[in-house]
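Each chain gets a letter, A, B and so on, in the order its sequence line appears, and its residues count up from 1.
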2 protein chains.
Amino acid sequence: MKQIFRPAEKLNRLPVFLMEQVVKQYRQEAQKALKAAQAGISVDQWIVLKQVSENNGCSQVEIAQSTVKDAPTTTRTIDQLVNKELIEKQLDPNDRRKYMVFVTDKGLQLIERLLPVVQSYRKLPVKGFLKEEQDTLLQLLNRMLNNLK
Amino acid sequence: MKQIFRPAEKLNRLPVFLMEQVVKQYRQEAQKALKAAQAGISVDQWIVLKQVSENNGCSQVEIAQSTVKDAPTTTRTIDQLVNKELIEKQLDPNDRRKYMVFVTDKGLQLIERLLPVVQSYRKLPVKGFLKEEQDTLLQLLNRMLNNLK
DNA sequence: GAAAATTTGTTTCATTTACAACTATTTAAG
DNA sequence: CTTAAATAGTTGTAAATGAAACAAATTTTC
């Protein structure tokens, strides 16, 4: 017997339900693109690597804030990047609780190589969107975020 | 020294990045609300339970499709609901690969009790949204989804 | 009607994640 | 100055997730 497809009409009217699917699909595409480029890092690792490169010498707390991840996740992601020699940690002499995190040459080279790949897959979900549609989307998402915090 | 907050301006212009935060915050709020109501189930379990009740006797594949989860996840969620005696599985006599999944009385009672709780937290993210803004949001999300599939 | 392909559901494994507890250091209070 | 509180970062653990491999049953193809 042929499979009857029953769309979940109610669920599809829930923005967050759709958003979960978009996020999941997007992450799959992004991960696939990074793998195809033999990046050797995950999407989350890319985000942290890029943040470090843009705020060279910043602390882990600052990275956690800017990437909106919690402390343990940030610790582990940074560890992974250190193991791959893409970034380095150095104790802050002025505050020995802190580490200052720096991008390495190898990290910079990887960023340069991957930048076009990342820019490419980031365009994917909003393909065909007018500039004002993108703005509307961002505005609505920010309002949702404010409602939840 | 006071912590300087540096917003990641670039990341905050990425719709998917904002959406991840919305989804995460929303799930936390939803889980908190269910816990406060002593629901005894997770958000995902709720979704499956509700789907089963609306399609009584349906197969696991149908549940997986309507909830947009993969097969292993669906198997596990159904197991959990069976353990809690909120649903029941029964072999389909016409096709012994399939299970027919039914909601129990206990399941129905729980649904009735939780429905107002769920309806309440679902309104949260779109608080203050005009009807047309919600429609715009859904339309944009669906377009993103189509771009990704 | 037998072999191949498909469908349904489960299990295993590696990764990711959130939450809580913990150490070490610095800052604030009395 | 000494204790209490806050901050930075790590570790452990339990749960969720996805991919792949798998078994069982059914359908399709020749």
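Remark on DNA chain C: of its neighbouring residues A/Pro93 and A/Ser42, the 5'-side contact belongs to A/Ser42, judged by nearest-heavy-atom nucleotide. Looking at which nucleotide of DNA chain C each of A/Asn94 and B/Ile78 is closest to, the 5′-most match is held by B/Ile78.
A straight line from OH of B/Tyr99 to C1' of C/dT10 spans 9 Å, rounded to a whole angstrom. Atom-to-atom, CG of B/Asp79 to P of C/dT11 comes out at 7 Å; the value is rounded to the nearest Å. Rounded to a whole Å, the NZ atom of A/Lys35 is 12 Å from the P atom of C/dT15. Rounded to whole Å, atom P of D/dG9 lies 8 Å from atom NZ of A/Lys89. For B/Leu91 and C/dT7, the CG to C1' distance is 15 Å, given to the nearest whole Å. The CD-C1' distance, from A/Gln65 to D/dT7, rounds to 12 Å in whole Å. Distance A/Gln31 CD to C/dT15 P: 12 Å, rounded to the nearest Å. Rounded to an integer number of Å, the gap from CD of B/Glu62 to P of C/dT7 is 14 Å.
If you check the side chains of A/Gln45 and A/Lys84, you find a donor sitting under 3.5 Å from an acceptor. For A/Ser66 and A/Gln51, the side-chain atoms include at least one donor-acceptor pair closer than 3.5 Å.
Salt-bridge formation is detected for the pair A/Asp44/A/Arg27: a Lys NZ or Arg NE/NH1/NH2 atom is positioned less than 4.0 Å from an Asp or Glu carboxylate oxygen. Using a cutoff of 4.0 Å between basic side-chain nitrogens and carboxylate oxygens, B/Asp70 and A/Lys24 are not scored as salt-bridged. For A/Asp92 and A/Arg96, the salt-bridge test fails: no basic side-chain N is under 4.0 Å from an acidic carboxylate O.
In this structure, B/Gln60 CD and B/Thr77 OG1 are separated by 10.0 Å, a value rounded to the nearest 0.5 Å.
Considering only side-chain N and O atoms, B/Gln80 lies nowhere under 4.0 angstrom from the phosphate OP1 or OP2 of D/dA15. Regarding contacts with the backbone of D/dT27, every side-chain N or O of B/Lys98 stays at 4.0 angstrom or more from both OP1 and OP2. In terms of phosphate contacts, B/Gln60 brings a side-chain nitrogen or oxygen within less than 4.0 Å of OP1 or OP2 of C/dT10. At C/dT10, one or more side-chain N or O atoms of B/Thr75 fall inside 4.0 Å of OP1 or OP2 (strictly under the cut-off).
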Q: For nucleotides 17-25 of chain D, just jot down a letter per nucleotide in 5' to 3' order: B, S or -, based on protein non-hydrogen atoms under 4.0 Å.
A: BBBB----B
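A donor-acceptor contact shorter than 3.5 Å links the side chain of A/Gln31 to the backbone of A/Val43.
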